[in-house]
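Beneath this line is the structure, given in structure tokens, with notes to follow.
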Amino acid sequence: MNRPEPATARRMEALAYLCAHLAELRSLLPDEDLSDRLQAAVRGGGQQIDDLLERIHAELQANGEPLGIWGSLPGAGTGRGLQPAGIGTQSALGPDEVVYLCPTGACSRYWWPRARATVPQCEIDRQSLRRDRL
């Protein structure tokens, strides 16, 4: 499996963060059009995704979320970023384990199934995460 370029990986992590938290972050984005434009850009593969992420980051910081997007990502050094729950560097998961992934492959979001838990939806394109196997 090829690793994405660093800028692409960073964009995917940012989109994963927004996908998982957009519902709660919307109140900090007074310009609703901004998140709508990001959703449209992601669905259409638009070139302005990076610019929109920067604008959303700035809006979040200006409206009460000091870490914004970039400070909430893994490796940001704050201890508060989006971290893979239940996964360490030595995973006990086998090759047939089920995982749910971004429905479009636009971001790096994933979710491990739990008993009686509903599969979450992508907050960007409103589709359920897609089932896959490791």
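Worth knowing before you read on, the calculation uses all heavy atoms, side chains too, and leaves out hydrogens, waters and symmetry mates. Here, residue 1 is the first one in the sequence, and each next residue gets the next number.
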Task: Interatomic distance, Leu52 atom CG to Leu34 atom CG [nearest 0.5 angstrom] - done: 6.0 Å
Open item on the list: Using every non-hydrogen atom in the two residues, find where Ser72 and Leu67 come nearest and quote the distance to one decimal.
Closed with: OG-CB, 3.7 Å
Open item on the list: Any non-hydrogen side-chain atom of Leu29 less than 4.5 Å from a side-chain atom of Asn63?
Closed with: no
- [ ] Kindly compute the distance separating CG (Leu38) from CG (Leu22), expressed to the nearest 0.5 Å.
- [x] 8.0 Å
Open item on the list: Has Glu123 got a side-chain atom pairing as donor or acceptor with Ala20's backbone, closer than 3.5 angstrom?
Closed with: no
- [ ] Report yes if some heavy atom in the side chain of Val99 is under 4.5 Å from a heavy atom in the side chain of Trp112; otherwise report no.
- [x] yes
- [ ] Heavy atoms only: give me the nearest Tyr110-Leu101 pair and the separation to one decimal.
- [x] CB-CD2, 3.8 Å
Task: 4.5 Å side-chain heavy-atom contact, Asp51 and Arg37 - done: no
Open item on the list: Tell me which one of Glu13, Arg10, Arg11 satisfies side chain to side chain donor-acceptor pair (under 3.5 Å) with Ser108.
Closed with: Glu13
TODO: Calculate, to the nearest 0.5 Å, the distance between atoms CD1 and CG belonging to Ile56 and Leu28 respectively.
DONE: 12.0 Å
Task: Whether Arg109 side chain and Leu18 backbone form a donor-acceptor pair below 3.5 Å - done: no
Task: Whether Gln61 side chain and Pro66 backbone form a donor-acceptor pair below 3.5 Å - done: yes
Open item on the list: For Tyr17 and Leu53: C-alpha separation, side-chain torsions, deciding distance, then whether side-chain contact (heavy atoms from CB on, under 4.5 Å) applies.
Closed with: CA-CA 11 Å; Tyr17 173 76; Leu53 287 172; over 6 Å; no
Open item on the list: Donor-acceptor pair, distance only, cut-off 3.5 Å: does the side chain of Arg130 make one with the backbone of Cys102?
Closed with: yes
- [ ] Return the minimal non-hydrogen interatomic distance between Ile124 and Gln39, and the atom names on each side.
- [x] O-CG, 3.1 Å
Task: More than 12 heavy atoms of other groups within 6.0 Å of Glu24 CD - done: yes
TODO: Kindly compute the distance separating CZ (Arg55) from CD1 (Ile69), expressed to the nearest 0.5 Å.
DONE: 12.0 Å
TODO: To the nearest 0.5 angstrom, please state how far the CG atom of Asp125 sits from the SG atom of Cys19.
DONE: 7.5 Å
Task: From OG1 (Thr104) to CZ (Arg43), nearest 0.5 Å - done: 9.5 Å
TODO: Considering non-hydrogen atoms only, spot the tightest contact between Met12 and Ala106 and give its length.
DONE: CG-O, 3.5 Å
Open item on the list: Within the 4.5 Å heavy-atom criterion, are Arg133 and Val98 side-chain neighbours or not?
Closed with: yes
